[in-house]
Amino acid sequence: VQLQASGGGLVQAGGSLRLACAASRFTLDSYAIGWFRQAPGKEREGVSCISGSGGVTYYADSVNGRFNLSRDNAKNTVYLQMNNLKPEDTAVYYCAADSRSGYTGSYFCLGGMDYWGKGTQVTVSS
């Protein structure tokens with residue numbers, strides 16, 4: 001299982017970025033997927049997660065209404081569209097996947113996942 005996140009960068013407050021997470025050596029469509037972030041000196045935070053069977057996508061309160069998680073099964077890729085970015089969104093962002101079924105997106109975002117990709121830095125300037 002390999003995950004590779006990309007799309008990070010430097011953006012001004014109010015701007016947008018789209019992160020991508022490409023999966024290899026496995027098919028994402030039946031896996032729970034999620035995006036997490038960690039800022040310097042802070043604990044890891046589950047940003048957005050969805051179970052492998054679909055259902056309700058979980059968003060952290062801090063990003064709800066601004067971020068959108070989606071997946072393109074044909075490309076075996078997951079995206080995180082981030083709009084109206086704020087300086088407090090600055091962090092290293094990681095994508096993750098999990099093969100367990102029967103759990104909700106919130107379960108994974110609050111508890112973590114089994115497979116992790118390398119992070120991509122997002123920096124939002126004020």
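These figures come from a predicted structure and were not determined experimentally.
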If only atom types and distance count, is the side chain of [X] paired as donor or acceptor with the main-chain N or O of [Y] below 3.5 Å?
X	Y	result
N76	L28	yes
R66	N84	yes
S51	G105	no
N64	Y59	no

If I compare all heavy atoms of [X] with all of [Y], which pair ends up nearest, and what's the gap?
X	Y	answer
K42	Q38	O-NE2, 3.1 Å
A60	G46	CB-O, 3.5 Å
K75	T77	O-OG1, 2.8 Å

Hey, could you give me the [atom1]/[atom2] distance between [X] and [Y], rounded to the nearest 0.5 Å?
X	Y	atom1	atom2	value
R18	S6	CZ	OG	9.0 Å
T27	N73	OG1	CG	9.0 Å
C109	E45	SG	CD	8.5 Å
S126	Q12	OG	CD	9.5 Å

Is there side-chain contact between [X] and [Y], with at least one heavy-atom pair below 4.5 Å?
X	Y	value
L3	Y94	no
L85	F67	yes
L80	S48	yes
T104	Y58	no
V78	R71	yes
Y31	M113	no

_From CA spacing to verdict: side-chain contact (heavy atoms from CB on, under 4.5 Å), T90, Q121_ = CA-CA 8 Å; T90 295; Q121 176 71 46; 4.0 Å; yes
*Partner residues of Y107 under the ring pair (Phe, Tyr, Trp, His ring centres under 6.0 Å) criterion, sequence neighbours left out*: Y103
Cluster overlap [X] with [Y], hydrophobic side-chain contacts below 4.5 Å:
X	Y	result
L69	V47	yes
W35	M82	yes
Y115	Y93	yes
Y79	F26	no
F36	I33	no

*Any residue meeting salt bridge (charged side-chain N to carboxylate O under 4.0 Å, His left out) with R100, in chain and number order, not counting sequence neighbours*: D98
*Member of V63, L19, V122, T120 meeting the side chain to side chain contact (heavy atoms under 4.5 Å, CB included) criterion with R37*: V63
